[in-house]
Amino acid sequence: MRRLPIAAAGVALALGLSGCAGGATYSQDTASTLQHGLLSVVTAAEGKDYAGALTQLAALQQKNDAALKAGTIAADRHDAIAKSIDAVKGDLTHLRDAAENAQLQQQLQQLQQQQPGPDKKGKGKKGDGGGDGG
């Protein structure tokens with residue numbers, strides 16, 4: 001279920017990159033560069049490396065911005081891609097935070113299992129309150 005937001009946002013980003021590919025909204029080299037950047041994001045996210053995916057996404061945004069400055073992408077295409085990048089960033093941030101929280105919860109449970117709780121202290125020891133103290 002967690003992959004659904006990534007998939008939906010990834011599709012939106014992919015459509016933003018591939019839409020009008022043959023038109024004058026961006027060059028073929030720019031499209032290829034951005035698509036390779038997208039592939040890096042998707043690969044990291046599928047491997048549950050959300051921090052890495054966020055890093056790749058930031059690099060993709062820089063490439064998108066650089067293309068705009070270089071004039072190899074139209075402003076409206078740049079803006080559509082940037083909007084998709086923001087959506088993916090939101091999903092990845094949520095997934096990263098959830099994964100970190102789950103890992104912390106698991107570590108906490110492991111620590112709790114290693115340490116006896118207050119109700120377990122003294123139980124099971126022979127000679128404690130066994131009735132032959134008389």
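This is a predicted model, so every value here is computed, not measured. Values below: all heavy atoms of this structure, side chains included; hydrogens, waters and symmetry mates excluded.
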N/O donor-acceptor pairs under 3.5 Å from side chains in residues 96-104, not counting sequence neighbours:
none

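Lys89 contributes atom NZ, which lies 6.5 Å from atom OG1 of Thr93 (distance to the nearest 0.5 angstrom). Note that CG of Leu95 and OH of Tyr50 are 5.0 Å apart. Values are rounded to the nearest 0.5 Å. Taking CD1 of Ile85 as the start and CG of Leu38 as the end, the distance is 8.5 Å to the nearest 0.5 Å. Between atom CG of residue Asn64 and atom NE2 of residue His78 there is a gap of 4.0 Å, rounded to the nearest 0.5 Å.
Residues Ala75 and Leu68 come closest through the heavy atom pair CA-CD1, 3.8 Å. Among all heavy-atom pairs drawn from Ala44 and Gly52, the shortest one is CB-C, 4.0 Å.
Residues forming a side chain to side chain donor-acceptor pair (under 3.5 Å) with Thr72 (at least two apart in sequence, or on another chain): Thr30. Annotation: side-chain contact (heavy atoms from CB on, under 4.5 Å) contacts of Thr55 (sequence neighbours excluded): none. Applying the side chain to side chain donor-acceptor pair (under 3.5 Å) criterion to His36, with sequence neighbours excluded, gives Ser32. Partners of Thr33 by side-chain contact (heavy atoms from CB on, under 4.5 Å), not counting sequence neighbours, listed by chain and number: Lys63. Taking the side chain to side chain donor-acceptor pair (under 3.5 Å) definition, one finds that Gln61 meets it with Asp65, sequence neighbours left out.
At least one side-chain heavy atom of Leu34 sits less than 4.5 Å from a side-chain heavy atom of Ile73.
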Run the numbers on Val41 and Leu92 for side-chain contact (heavy atoms from CB on, under 4.5 Å), then give the verdict.
CA-CA 10 Å; Val41 172; Leu92 286 171; 4.1 Å; yes

